[in-house]
There are 2 protein chains.
Amino acid sequence: MTYAHAIDETLIALADPTRRAILQRLRTGAMPVGILAEGLPVSRPAVSQHLRILTDAGLLIVTPQGNRRLYGLAPAGMNGLRAYLDDLWGDALAAFAQAAHDLSKDDTHDT
Amino acid sequence: MTYAHAIDETLIALADPTRRAILQRLRTGAMPVGILAEGLPVSRPAVSQHLRILTDAGLLIVTPQGNRRLYGLAPAGMNGLRAYLDDLWGDALAAFAQAAHDLSKDDTHDT
DNA sequence: CATGTGCGTAAGTCATGACTTACCGTAAGC
DNA sequence: GCTTACGGTAAGTCATGACTTACGCACATG
């Protein structure tokens, strides 16, 4: 899986409100699918499908425990996305600062 | 528009590969729709539709110039999403660090 | 060992999103 | 003033995604 593909999976995973609700729930700690599904407005298999997408995107870690699987947030799960956003928007911020700087010099020059 | 809704729009905007390609193109500077569409594998109206979604999400700024509209990256466009990711994943990192710390203490205690 | 529990996946349904072509309003150029 | 250029939106098509119920496998329990 390439870096760009990983970012694609992460952003697609985060673009769904149900999956974001799952991530919010998991902030309190890892929990099994059945518990997780209880507090969500969709069926248990739907939660399972979303967990699959989140796990494939590298956002969750799974801990098997007998016939249960505990899902928790992967600590480094968001690193790639953060790096991508910094890279994409870093230039915009720098260009903005440069433009403001140039405008200031122009004004001074014209005066 | 609420904060949660703004995050929703931003993440949905970023989840599409064509829109991410548009953002990549705009790193070099603001440009009109026609120029932008030339380097993309979809039609000009499709690009216009995507620009609408990106602008509504607060990621772009539009500068009218006669019958042209220059689209550029909004410098602060990604701030809300960054804050959201820090908030969502901040606990996970802290909990991970705490767990590692507790494990270390347990090991020391047991030894 | 039989039964119950947990959960992932298959298959189907339906809404939504990404694209297209066509059209129209506004500004620019001659 | 007419023609050209720019670009947003309408309307339609089609693929995709989110959900459902049903099923089956693995583990737990009595």
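Chain naming here is simple, since letters A, B, ... match the order of the sequence lines and numbering starts at 1 in each. No hydrogens, no waters, no symmetry mates; every other heavy atom, side chains included, goes into these values.
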Let me check something: any side-chain donor-acceptor pairs from residues 75-84 of chain B under 3.5 Å, sequence neighbours excluded? List them with distances.
residue: B:Arg82; atom: NE; partner: A:Asp86; partner atom: OD1; Å: 2.9
residue: B:Arg82; atom: NH2; partner: A:Asp86; partner atom: OD1; Å: 3.1

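Here the P atom of nucleotide D:dA5 and the CD atom of B:Glu38 are 13 Å apart, to the nearest Å. In this structure, the CG atom of B:Leu14 is 12 Å from the P atom of C:dA18, given to the nearest Å. Per the geometry, CG belonging to B:Leu36 stands 10 Å off P belonging to D:dG7, to the nearest Å. Distance A:Asp8 CG to D:dT16 C1': 14 Å, rounded to the nearest Å. Between B:Ile22 atom CD1 and D:dG7 atom P there is a gap of 13 Å when expressed in whole angstrom units. Regarding A:Met31, its CE atom lies at a distance of 15 Å from the P atom of C:dG6, rounded to whole Å. A:Leu54 has its CG atom 12 Å from the P atom of C:dG8, to the nearest Å. One can place CG of A:Leu40 at 11 Å from P of D:dT20, the figure rounded to the nearest angstrom.
Neither OP1 nor OP2 of D:dT21 sits under 4.0 Å from any side-chain N or O of A:Ser43.
Nearest-nucleotide positions on DNA chain C for A:Leu70 and B:Pro41 put A:Leu70 closer to the 5' end.
In this structure a side-chain-to-backbone donor-acceptor pair under 3.5 Å is present from A:Thr10 to A:Ala6. A donor-acceptor pair is defined here as one N or O able to donate and one able to accept, closer than 3.5 Å; no such pair exists between the side chain of A:Arg69 and the backbone of A:Val62. Of the possible donor and acceptor atoms, none in the side chain of B:Arg19 sits under 3.5 Å from a partner among the backbone N and O of B:Leu14.
Using a 4.5 Å heavy-atom cutoff, the side chains of B:Leu51 and B:Leu36 are in contact. By the 4.5 Å heavy-atom criterion applied to side chains, A:Leu60 and A:Leu73 are counted as neighbours.
In this structure, the separation between CG on A:Leu70 and CD on A:Gln65 is 4.5 Å, given to the nearest 0.5 Å. Going from atom CG of B:Leu88 over to atom CZ of A:Arg27 covers 6.0 Å, rounded to the nearest 0.5 Å. If you take CD1 on B:Ile7 and CZ on A:Arg20, they are separated by 8.5 Å, rounding to the nearest 0.5 Å.
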So which protein N/O to nucleotides 8-12 of chain D N/O distances come out below 3.5 Å?
residue: D:dG8; atom: OP1; partner: B:Arg69; partner atom: NE; Å: 2.9
residue: D:dG8; atom: OP1; partner: B:Tyr71; partner atom: OH; Å: 2.6
residue: D:dG8; atom: OP2; partner: B:Ser48; partner atom: OG; Å: 2.2
residue: D:dG8; atom: O5'; partner: B:Ser48; partner atom: OG; Å: 3.4
residue: D:dG8; atom: N7; partner: B:Arg44; partner atom: NH1; Å: 3.2
residue: D:dG8; atom: O6; partner: B:Arg44; partner atom: NH2; Å: 2.9
residue: D:dT9; atom: OP1; partner: B:Arg52; partner atom: NH1; Å: 2.9
residue: D:dT9; atom: OP2; partner: B:Arg52; partner atom: NH1; Å: 2.6

Tabulate atom names and distances for all N/O pairs under 3.5 angstrom spanning the protein and nucleotides 24-30 of chain C.
residue: C:dA27; atom: O3'; partner: B:Asn67; partner atom: N; Å: 3.4

